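Written below as structure tokens is the structure these notes are about.
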Number of protein chains: 2
Amino acid sequence: MPPGAFPGEFEQMVLLAILRLGEEANALAILRELDDQAGRRVSRGTLYKTLDRLESKGYVAWTQEEATPERGGHARRLFRVSPDGIEVLRASRDALHRLWSGLDPVLGRPAT
Amino acid sequence: MPPGAFPGEFEQMVLLAILRLGEEANALAILRELDDQAGRRVSRGTLYKTLDRLESKGYVAWTQEEATPERGGHARRLFRVSPDGIEVLRASRDALHRLWSGLDPVLGRPAT
DNA sequence: CATCGATGAAGACAATGTCGACATCGTCAG
DNA sequence: CTGACGATGTCGACATTGTCTTCATCGATG
């Protein structure tokens, strides 16, 4: 297996955050989702770097946002997860799932 | 948050594999468990390096195996997850759990 | 035009993931 | 006793991922 075959821990979280946001996945929203759902706070730079890497692996794609960006500055990018991205997410979820199964007595049940 | 606050993807898997093995957590068994449950095959060197890092973070501890190692060579090391290790596992599981929740329509349900 | 706010991009460096090569120590055939 | 062998474990090197700060852009505003 080549080294980069598995997505890192943070890469997975970013992919999941994008999926959750649907059409609204711009950088700032992803940052907020990551903080809200996983308590993970990172700088914009960190996120963009990760997004770049995910793109070069073909796990995400993006398009410029239409509507006149009144907010000024660069036009925002809207991200979406590619089929390959979904595939890899599914695979790593299943792997973790199997490792977790049966460990509730030790770890307790997941919090809602 | 300090950089090394979150365990990497593979580190998590190793911790889980050790938990699953209970008293039997020697290196080779961990390697087998990782392969069987998660389809993750790595070399012994990779595992030991990861184990060393987990130890220096205080997430795992180990002891020498007693019984005359007829298998020859070094006495095997038996690993176990520390309370801090359990704590960090629980935290990252909860984080992923929240990100995953509600995405079954897209990802499908986890395979057994 | 100087500045500000919202974005995004780049550079640098730390943490993780990964392997292959090598060191050790019993056992066992000669 | 000695050298080959198998089971472990250790190391150094290098690729990938995670992370931040600093810099560059561009519209709107004063």
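In what follows, chains carry the letters A, B, and so on, assigned in the order in which the sequence lines appear, proteins first and then strands, with residues in each chain numbered from 1. Bear in mind that the values here come from a model prediction, so they are computed numbers and not experimental data.
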Roughly how many Å is it from [atom1] in [X] to [atom2] in [N], rounded to a whole number?
{"X": "B:E9", "N": "C:dA15", "atom1": "CD", "atom2": "C1'", "result": "14 Å"}
{"X": "A:N26", "N": "C:dG8", "atom1": "CG", "atom2": "P", "result": "7 Å"}
{"X": "B:E11", "N": "C:dA14", "atom1": "CD", "atom2": "C1'", "result": "13 Å"}
{"X": "A:Q12", "N": "D:dT17", "atom1": "CD", "atom2": "P", "result": "12 Å"}
{"X": "B:F79", "N": "D:dT8", "atom1": "CZ", "atom2": "C1'", "result": "11 Å"}
{"X": "A:R40", "N": "D:dT17", "atom1": "CZ", "atom2": "C1'", "result": "11 Å"}
{"X": "A:Y59", "N": "D:dT16", "atom1": "OH", "atom2": "P", "result": "13 Å"}
{"X": "B:L31", "N": "D:dA7", "atom1": "CG", "atom2": "P", "result": "14 Å"}

> How close do A:P105 and A:G102 get, heavy atom to heavy atom, and via which atoms?
Replying inline: CD-O, 3.4 Å
> Where is the tightest heavy-atom contact between A:L15 and A:Y59, given as atom of each residue plus distance?
Replying inline: CD2-O, 4.0 Å
> What residue among B:T50, B:L89, B:L51 forms side chain to side chain contact (heavy atoms under 4.5 Å, CB included) with B:E11?
Replying inline: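 It is B:T50, the one option of B:T50, B:L89, B:L51 that forms the side chain to side chain contact (heavy atoms under 4.5 Å, CB included) with B:E11.
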> What pairs with B:S43 under side chain to side chain donor-acceptor pair (under 3.5 Å), at least two apart in sequence or on another chain?
Replying inline: B:T46
Nearest listed nucleotide, side chain of [X], among [options]:
{"X": "B:R53", "options": "D:dT19, C:dG17, C:dG8", "answer": "C:dG17"}
{"X": "A:R77", "options": "C:dA9, D:dT17, D:dT8", "answer": "C:dA9"}
{"X": "B:F6", "options": "C:dG8, C:dT18, D:dT19", "answer": "D:dT19"}

> Which pairs with one or both residues in residues 81-96 of chain B pass salt bridge (charged side-chain N to carboxylate O under 4.0 Å, His left out), sequence neighbours excluded?
Replying inline: A:D104-B:R93, B:E87-B:R90
> Among residues 16-25 of chain B, which contact DNA chain D at a heavy-atom distance under 4.0 Å?
Replying inline: none
> Heavy atoms, side chains only, cut-off 4.5 Å: are B:V14 and B:F79 in contact?
Replying inline: no
>> Contact list please: residues 42-52 of chain A against DNA chain C, heavy atoms, distance less than 4.0 Å, in numerical order.
In response: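 Of all residues in residues 42-52 of chain A, the ones placing a heavy atom under 4.0 Å from DNA chain C are A:R44, A:G45, A:Y48, A:K49.
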Name each donor-acceptor pair under 3.5 Å that joins a side chain in residues 17-24 of chain A to protein atoms two or more places apart or in another chain, with its distance.
residue	atom	partner	partner atom	Å
A:R20	NE	A:E33	OE2	2.9
A:R20	NH1	B:R98	O	3.1
A:R20	NH1	B:L99	O	2.8
A:R20	NH1	B:S101	O	2.7

> Can you name the residues that form a salt bridge (charged side-chain N to carboxylate O under 4.0 Å, His left out) with A:R40, not counting sequence neighbours?
Replying inline: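 A:R40 satisfies salt bridge (charged side-chain N to carboxylate O under 4.0 Å, His left out) with A:E9 only.
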>> For A:D35, give me all partners under salt bridge (charged side-chain N to carboxylate O under 4.0 Å, His left out), at least two apart in sequence or on another chain.
In response: A:R41
> Under 4.0 Å between a side-chain N/O of B:R76 and OP1 or OP2 of D:dG6, yes or no?
Replying inline: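 So the side-chain polar atoms of B:R76 never come under 4.0 Å of the phosphate oxygens OP1 or OP2 of D:dG6.
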